Amino acid sequence: MREITLHDTLTGRVLPLRTREPGRVAIYACGPTVYGRIHIGNARPFVVFALLKRFLEHEGYDVTLVANITDVNDKIYAAASAAGIGSVALAQEMIAHYLADTDRLGLGRPDHEPLASETIGEIIDLIQILIDRGHAYAVDGDVYFAVRSDEHYGELTHRRLEDLDQGEGREGAERKRDPLDFALWKGRKPGEDTAWDAPWGAGRPGWHIECSAMAEKLLGLDFEIHGGGSDLAFPHHENEAAQTRAAHGQPLARLWVHNGMVRLAQEKMSKSIGNTLLLHAALDRHGRDALIAYFCAGHYRQPLEYDDERMEAAAAGVNRFREVARRLRPGPSPDWSAPLRMEFFDALAEDFNTPRALATAFDWVREANRSSAPVGDADLREMLGVFALENLLDVEVVVAPERAQTLMREREAARAERDWARADALRDELHGLGWAVRDSPDGPELTPVDPS
RNA sequence: GGCGACGUGGGAGAGCGGUUAUCCAGCGGCCUGCAAAGCCGUGUACACCGGUUCGAGUCCGGUCGUCGCCUCCA
């Protein structure tokens with residue numbers, strides 16, 4: 001079995017994947033807060049960790065992927081109140097959009113997609129443990145985590161406590177024992193339309209404790225991979241790690257894997273800046289194949305610029321696979337394929353280097369194109385399958401309408417008479433109908449002008 | 001200010017000290033009546049300055065520049 005390595009934020013190094021039990025991997029990837037429809041930036045971790053799961057499964061692992069949905073949060077209250085609807089209604093509407101939008105990526109669903117609102121019992125239990133162990137304290141209906149009670153706080157993101165900007169003016173500042181402390185439970189405030197009962201009074205959980213509780217509930221402790229956007233490393237993941245460590249004396253996860261930001265015009269794509277491109281709009285415009293290829297074209301840890309040029313380049317690459325598919329046959333691939341197949345999966349095993357793997361797949365395509373003998377598609381299908389792009393090899397036999405067929409036959413007749421002017425005119429006419437003619441050694445064939 | 005990362009050819013983007021990355025675009029050729037698709041070839045690439053080394057894009061130090069986080073954020 002290949003050794004698989006991934007970059008770990010805690011150690012700052014690329015480390016081998018070590019499983020708790022042989023052959024089983026658990027991944028927890030932080031999902032969105034549902035107060036609006038998700039944009040391309042939100043889609044990146046969804047895609048990255050879904051593809052990572054596919055790769056690990058290809059390597060023989062049994063993988064459980066959890067991607068939570070944060071449906072209780074300040075942002076949701078604010079957005080719901082601005083829209084004049086209830087926060088539950090807003091969250092439900094946006095969850096439906098989130099599921100529909102990400103479904104269109106064609107990557108299936110994560111194994112579990114827990115909601116914070118369905119994990120309240122576990123959250124309360126976890127907070128109680130933290131209080132009992134002296135790592136948290138209740139004040140006027142709020143509960144705060146005592147950051148300085150955790151000697152390892154800051155290690156994940158390499159910060160010293162004294163370096164932290166102590167952000168004056170935050171809510172609850174006067175109730176906290178230390179400015180660094182953060183909320184585990186927030187007492188109900190006027191205008192908030194949801195609350196749950198807890199030993200410290202009615203209220204709702206803080207964001208960070210939600211994830212600690214959901215991850216533990218579904219995956220246990222010290223699980224293999226915790227992922228999310230690099231913007232979540234601090235404070236979200238730092239706090240998650242601290243909570244679980246303080247409550248149980250065990251780490252939450254073994255590897256902390258962070259994906260880079262998607263940028264628009266050199267700037268992080270985010271709702272607060274207002275420079276977003278929504279996922280469903282991008283899917284409408286470019287299709288899921290090009291979008292997946294676009295994500296794979298950059299290494300997951302690097303920032304990824306979004307613009308039409310890049311998307312078109314990704315679409316062109318996708319077409320290259322579609323084109324080679326016309327020359328392939330079902331069945332095992334030739335001898336020259338084996339090293340390339342190996343190289344492809346080796347690249348993914350080394351910190352999930354999708355751009356390098358993709359380059360190898362293109363090497364395979366060139367090799368197939370230059371081969372005069374028929375080439376079996378098995379290996380390429382296996383490679384693209386990890387990226388959920390094996391559909392590119394399924395050449396859709398689109399039968400041209402009778403009218404186009406007739407024009408094509410007329411063109412053949414003109415060509416036979418060496419009447420090139422007429423032949424070219426007929427080709428133009430076909431193009432106008434949406435069909436391109438290709439003259440191959442086996443005769444002419446019609447393909448849709450703009451396949452997508 | 002602190003922490004993390006990055007600066008590669010026209011564009012994108014790999015490269016874990018010594019060999020053509022790859023994709024898109026351009027140019028030349030092959031194939032073709034012409035196209036399309038494909039193949040072959042091609043372009044003073046590694047921000048700058050030092051250092052280590054037989055040899056550095058690849059390691060070390062510095063300079064300049066860019067981005068992310070330090071507040072909600074995928």
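Letters A, B, ... are given to chains in the order of the sequence lines, protein chains preceding strands, and every chain is numbered from 1. Worth saying up front: this structure is predicted, and the values here are computed from it rather than measured.
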key: Footprint string (nucleotides 28-35 of chain B, 5' to 3'): B base within contact, S backbone only, - free, heavy atoms under 4.0 Å   = -----BBB

remark   = By salt bridge (charged side-chain N to carboxylate O under 4.0 Å, His left out), A/Glu367 pairs with (sequence neighbours left out) A/Arg370

key: Counterpart residues, salt bridge (charged side-chain N to carboxylate O under 4.0 Å, His left out), relative to A/Asp150 (two or more places apart)   = A/Arg245

What is the nucleic acid contact for [X], judged by heavy atoms within less than 4.0 Å: base, sugar-phosphate only, or nothing?
{"X": "A/Val262", "value": "base"}
{"X": "A/Ala233", "value": "nothing"}
{"X": "A/Asn259", "value": "base"}
{"X": "A/Gly41", "value": "base"}
{"X": "A/Gln302", "value": "sugar-phosphate"}
{"X": "A/Pro45", "value": "base"}

For [N] versus [M], give the span between their [atom1] atoms, rounded off to a whole number of Å.
{"N": "B/U63", "M": "B/G2", "atom1": "P", "result": "12 Å"}
{"N": "B/C27", "M": "B/A37", "atom1": "P", "result": "14 Å"}
{"N": "B/A5", "M": "B/U22", "atom1": "P", "result": "30 Å"}

Looking at [X], does any N or O in its side chain come under 4.0 Å of the phosphate oxygens OP1/OP2 on [N]?
{"X": "A/Lys268", "N": "B/C69", "answer": "yes"}
{"X": "A/Arg366", "N": "B/U22", "answer": "yes"}
{"X": "A/Thr33", "N": "B/A74", "answer": "yes"}
{"X": "A/Arg159", "N": "B/C69", "answer": "no"}
{"X": "A/Asn369", "N": "B/G38", "answer": "no"}
{"X": "A/Asn353", "N": "B/G15", "answer": "yes"}

Just to verify, what does [X] make a ring pair (Phe, Tyr, Trp, His ring centres under 6.0 Å) with, not counting sequence neighbours?
{"X": "A/Tyr77", "value": "none"}
{"X": "A/Phe344", "value": "A/Phe387"}
{"X": "A/Tyr98", "value": "none"}
{"X": "A/His280", "value": "none"}

note = Considering only heavy side-chain atoms of A/Arg320, the closest of B/G38, B/U71, B/A74 is B/G38

Please write out each protein N/O paired with an N/O of nucleotides 8-12 of chain B under 3.5 Å, distance rounded to 0.1 Å.
from: B/A12; atom 1: O3'; to: A/Arg310; atom 2: NH1; distance (Å): 3.1

query = Taking only residues two or more places apart in sequence, or in another chain, which ones meet A/Ser230 in a side-chain hydrogen bond (donor to acceptor under 3.5 Å, both in side chains)?
reply = none

query = Considering residues at least two apart in sequence or located in another chain, which fulfil the side-chain hydrogen bond (donor to acceptor under 3.5 Å, both in side chains) criterion with A/Arg109?
reply = A/Thr102, A/Asp103, A/Glu113

inquiry  = Using a 3.5 Å limit on both distances, find every run of at least three consecutive Watson-Crick or G-U pairs that involves RNA chain B.
reply    = B:1-7 with B:64-70, B:10-12 with B:22-24, B:26-30 with B:38-42, B:47-51 with B:59-63

ask   = Of the residues in residues 94-108 of chain A, which ones touch RNA chain B at a heavy-atom distance under 4.0 Å?
value = none

Pair A/Asp111-A/Thr64, side-chain donor/acceptor within less than 3.5 Å = no

request  = Look at the side chain of A/Arg44 and the backbone N and O of A/Gly260, then say whether any donor-acceptor pair between them is shorter than 3.5 Å.
outcome  = yes

